[in-house]
Novice: 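Mind having a look at this structure? Questions to follow.
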Amino acid sequence: MLYLEKGVRKLAEVRTRFAPSPTGFLHLGGARTALFNWALARKEGGKFILRIEDTDVARSTEEAVEAILDGLRWLGLDWDEGPYFQSQRLEIYRKYALLLWEKGLAYECFCTPEELEERREKTMAQGINWRYDRKCWNLNEEEKEKLKREGRKPVLRFYIPPGETTFVDMLRGEVRFQNEELDDFVIMKSDGMPTYNFACVVDDALMKISHVIRGDDHISNTPRQVLLYQAFRFPIPQFAHIPMILGKDKARLSKRHGSPSVTYYRDQGYLPDALFNYLARLSWASGEEEKEIFSREEIVERFSLENVTKHPAVFDLDKLNWMNSVYIRQADNKYLCSILEEILVRRGRIKPEEITPSHREYWEKVIALMKERIKYVAQLEEEASYFFTEEVEFDPLAFEEVLQREGVEEILKECEEVLSQIEDFRAPVLEEAVREMAKERGMKAAQIIHPLRVAVSGKKVGPGLFELLEVLGKERVIGRIQRARQRIRETRSSGISGGG
RNA sequence: GGCCCAAUCGAAUAGUGGUUAGUUCAGCGGGCUCUCAAUCCGCAAGCCGGGGUUCAAUUCCCCGUUGGGCCA
């Protein structure tokens, strides 16, 4: 069931927003918040607004703004208005702060951080909870003038009235706070910058945001914000606090859990639709059984805050991997190839200017062969590097267990001879030749297939051998067989790797 | 420390005042097969604890526990 603030917002238009601070990359949690806001706006035919909360000048960067915009675009979370930058709206906050001050709802405070700290410690020592003691609320004009002449720059504090503040959270119903728990918080800092709660309320009100959907770490900010809405007589929006995303250990998602950055997943070759789907399914379920794969359209169609859960969600890489593998299998090879190309360039396997149409043709074949067995595209570079290098690196165990066995060098020698004869280097032809060879030798085809796979790929596992041979091409295959034979002979004569 | 929020298999979730509590991922076993993957079949696994309310509680209420958050 959905809890709605009564009598508020009968606004025709649903307007949601995503309001990140540009202090780093786009976080998975942030992306999911953006996604829910976006989905509701799209579902209701409303507007999705992007606002950059960059009033913390010291920590905000231009690169972070770009990273966030990139991440949103990549995920297909297109916005209808903005990005608005709070740093360009400072005059507006000042104006509204002045309004509160004039109405006597906010007051100047001259206490320095050191003074506050001192009084706080004293209070805490008595076992009493510290809240701002309203020292400056009681200052008279004369005292204020004196402090100003001393060169003190005041902050502006909001006066919290007595009583209690409640708001309706769409997911949880009414949430109550005793006002005495909230202290007179700062709305404008001494340098003239607004604080988070203040700028956020002014903007949400002026931008006519109808639904504030954000992480539930903001629940305790909400009563302060509600008090501001009331002070300004702004209409109160619907609030929905969605659960946070946690790591496997149930701690807040961070670098320790792999990377929490959207960009990282893009760079690993996760498909945007897959990450979108996965993120949407964290804390939200359509209610349909057996269905996990949803297109964007399907998600928009079905989305409702009503079936968003309230408990924290654990990010599960296994499930994302599975989901991504489903999307990869369904994806177009050319599309996957473009992703692979970026990865190869980024990882220095090839320079952009060296790429030729024949490279692309080859990579597309690699993808056609491998798309069924990878979870993310970069896995090709990481675990099937034999497609992209000339020198095959042998997995030590595979070398020892498969290639160093009695008679294998002999078998490979014959393979080399047989395969060299084949002009039409295609899988069915190759398969027939190898099976014929096995028959003549009176052995199982597997006894040839396995060594041959290790010889050309260095690994015991991989795609079907004959398809692999075809994709690698005759020249590479013959060369690799020769090198494998050489390695076997070297190892044997030097007697190093004492397996056998 | 104060305040706030939450709680169904390992994870994501469905669901209900009376159900054999369902599904997806992961795990395990098996079929297929040149290995891996894909695919198919099967198995295992859950209502945090205690009190109420009720004929009946996983479901409603309270307390506790645990986890998370905000402030300090």
Side-chain angles (χ1 to χ4, degrees), chain A residues 116-117 120-121 123-132 164-167 169 171-173 175-183 185 196-197 214-224 241-253 277-294 307-326 328-329 369-375 379 383-384 398 401-402 427 430-431 434-435 438 444-454 457 459-469:
Chain A
L116 289 170
E117 179 64 16
R120 187 168 61 87
E121 278 182 12
T123 313
M124 297 287 278
Q126 296 167 43
I128 301 168
N129 244 306
W130 162 263
R131 263 163 248 117
Y132 179 64
E164 73 173 10
T165 300
T166 65
F167 65 92
D169 181 281
L171 307 179
R172 310 154 218 271
V175 182
R176 311 178 93 84
F177 286 83
Q178 296 304 315
N179 289 6
E180 59 202 36
E181 298 293 341
L182 320 162
D183 60 3
F185 61 95
Y196 163 73
N197 280 316
R214 52 167 40 150
D216 65 16
D217 48 336
H218 285 290
I219 288 180
S220 37
N221 278 323
T222 308
R224 290 174 240 274
H241 291 95
I242 61 177
M244 308 200 64
I245 301 179
L246 307 180
K248 241 185 163 53
D249 55 1
K250 308 245 180 189
R252 202 185 187 123
L253 197 61
N277 190 163
Y278 177 72
L279 251 20
R281 278 285 294 104
L282 267 186
S283 304
W284 174 79
S286 70
E288 284 155 274
E289 301 228 316
E290 296 188 49
K291 184 169 170 70
E292 291 286 329
I293 304 298
F294 296 92
N307 35 37
V308 170
T309 60
K310 300 189 274 265
H311 55 272
V314 174
F315 179 78
D316 182 11
L317 187 59
D318 280 333
K319 186 148 184 177
L320 171 60
N321 279 338
W322 165 76
M323 201 170 267
N324 199 50
S325 74
V326 172
I328 285 178
R329 266 176 266 141
L369 187 58
M370 297 296 285
K371 69 195 283 192
E372 200 172 73
R373 51 202 100 216
I374 54 172
K375 300 182 172 93
Q379 228 177 346
E383 290 166 36
E401 289 181 357
V402 181
L430 297 166
E431 175 156 15
V434 169
R435 290 199 186 277
K444 283 179 161 174
Q447 288 175 278
I448 299 173
I449 288 170
H450 294 304
L452 203 45
R453 173 179 291 108
V454 176
S457 73
K459 295 182 184 302
K460 284 207 284 190
V461 300
L465 178 75
F466 305 106
E467 289 75 18
L468 174 62
L469 296 179

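A, B, ... follow the sequence lines: proteins, then strands. Residue 1 opens every chain. None of these values were measured; they are calculated from a predicted model.
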Novice: What are the residues of residues 444-454 of chain A, sorted by number, that bring a heavy atom to within less than 4.0 Å of RNA chain B?
Specialist: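 Nucleic-acid contacts, sorted: Ile449(A), His450(A), Arg453(A).
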
Novice: Let me have RNA chain B in dot-bracket notation, would you? Count Watson-Crick plus G-U wobble pairs, both distances under 3.5 Å, and use [ ] for pairs crossing earlier ones and | for inter-strand partners.
Specialist: (((((((..((((....[...)))).(((((.......)))))....(((((..]....)))))))))))).

Novice: Kindly write out the residues that satisfy ring-ring contact (aromatic ring centres under 6.0 Å, His included) with Tyr196(A), not counting sequence neighbours, or none if the list is empty.
Specialist: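 If we apply the ring-ring contact (aromatic ring centres under 6.0 Å, His included) test to Tyr196(A), skipping adjacent residues, the hits are His218(A).
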
Novice: Both Ser325(A) and Val308(A) contact RNA chain B. Taking the nearest nucleotide for each, which residue is further toward the 5' end?
Specialist: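 Per heavy-atom nearest nucleotide, the more 5' residue is Val308(A).
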
Novice: Regarding Phe177(A), tell me which of base, sugar-phosphate or nothing describes its non-hydrogen contacts under 4.0 Å with the strands shown.
Specialist: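 Here Phe177(A) touches the backbone only, sparing every base.
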
Novice: Using a 4.0 Å heavy-atom cut-off across all strands, classify Lys460(A) as base, sugar-phosphate, or nothing.
Specialist: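 Here Lys460(A) touches the bases of the nucleic acid.
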
Novice: Are any protein N/O atoms closer than 3.5 Å to N/O atoms in nucleotides 70-72 of chain B? If there are, list each pair with its distance.
Specialist:
from, atom 1, to, atom 2, distance (Å)
C70(B), OP1, Arg252(A), NH1, 3.2
C70(B), O4', Ser220(A), OG, 3.1
C70(B), O2', Ser220(A), OG, 3.1
A72(B), O3', Arg120(A), NE, 2.4
A72(B), O3', Arg120(A), NH1, 2.4
A72(B), O3', Arg120(A), NH2, 3.3
A72(B), O2', Arg120(A), NH1, 2.8

Novice: Considering every strand and a 4.0 Å limit on heavy-atom distances, what is the contact class for Glu372(A): base, sugar-phosphate, or nothing?
Specialist: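 Counting heavy atoms under 4.0 Å across all strands, the contact made by Glu372(A) includes a base.
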
Novice: Look at the side chain of Glu290(A) and decide which nucleotide, out of A12(B), C5(B), U23(B), has an atom nearest to it.
Specialist: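 Looking only at side-chain atoms, Glu290(A) lies closest to U23(B).
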
Novice: Assign Gly464(A) to base, sugar-phosphate, or nothing according to its heavy-atom contacts below 4.0 angstrom with the strands shown.
Specialist: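 Touches a base.
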
Novice: How far, in whole Å, is G46(B) from A21(B) if one measures between their C1' atoms?
Specialist: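 My reading of the C1' atoms in A21(B) and G46(B) gives 9 Å.
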
Novice: What's Pro243(A) touching, base or sugar-phosphate or nothing? Going by heavy atoms closer than 4.0 Å.
Specialist: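 Nothing, no nucleic acid heavy atom in range.
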
Novice: Report the residues that fulfil side-chain contact (heavy atoms from CB on, under 4.5 Å) with Ala384(A), sequence neighbours left out, ordered by chain and then residue number.
Specialist: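 With sequence neighbours excluded, Ala384(A) shows a side-chain contact (heavy atoms from CB on, under 4.5 Å) to Met370(A), Tyr386(A), Phe387(A), given in chain and number order.
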
Novice: Choosing from C4(B), A6(B), G2(B), which nucleotide comes nearest the side chain of Glu181(A)?
Specialist: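 Nearest to the side chain of Glu181(A) among the choices is G2(B).
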
Novice: Quick one: label Leu282(A) by what it contacts on the DNA or RNA (base, sugar-phosphate, nothing), any heavy atom closer than 4.0 Å.
Specialist: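 Contact class for Leu282(A): sugar-phosphate only.
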
Novice: Ring centres of Tyr278(A) and Phe315(A) under 6.0 Å apart?
Specialist: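 Yes, they do, as the ring centres are separated by less than 6.0 Å.
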
Novice: In terms of the nearest nucleotide of RNA chain B, which residue is placed more toward the 5' end: Val461(A) or Met244(A)?
Specialist: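 In this pair, the answer is Val461(A).
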
Novice: Tabulated below should be each protein N or O lying under 3.5 Å from an N or O of nucleotides 26-31 of chain B; please produce it.
Specialist:
none

Novice: Could you check whether any side-chain N or O of Asp216(A) sits under 3.5 Å from a backbone N or O of Ile219(A), counting only pairs where one atom can act as donor and the other as acceptor?
Specialist: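 No; judged by distance alone, with no hydrogens or angles, the pair does not exist.
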
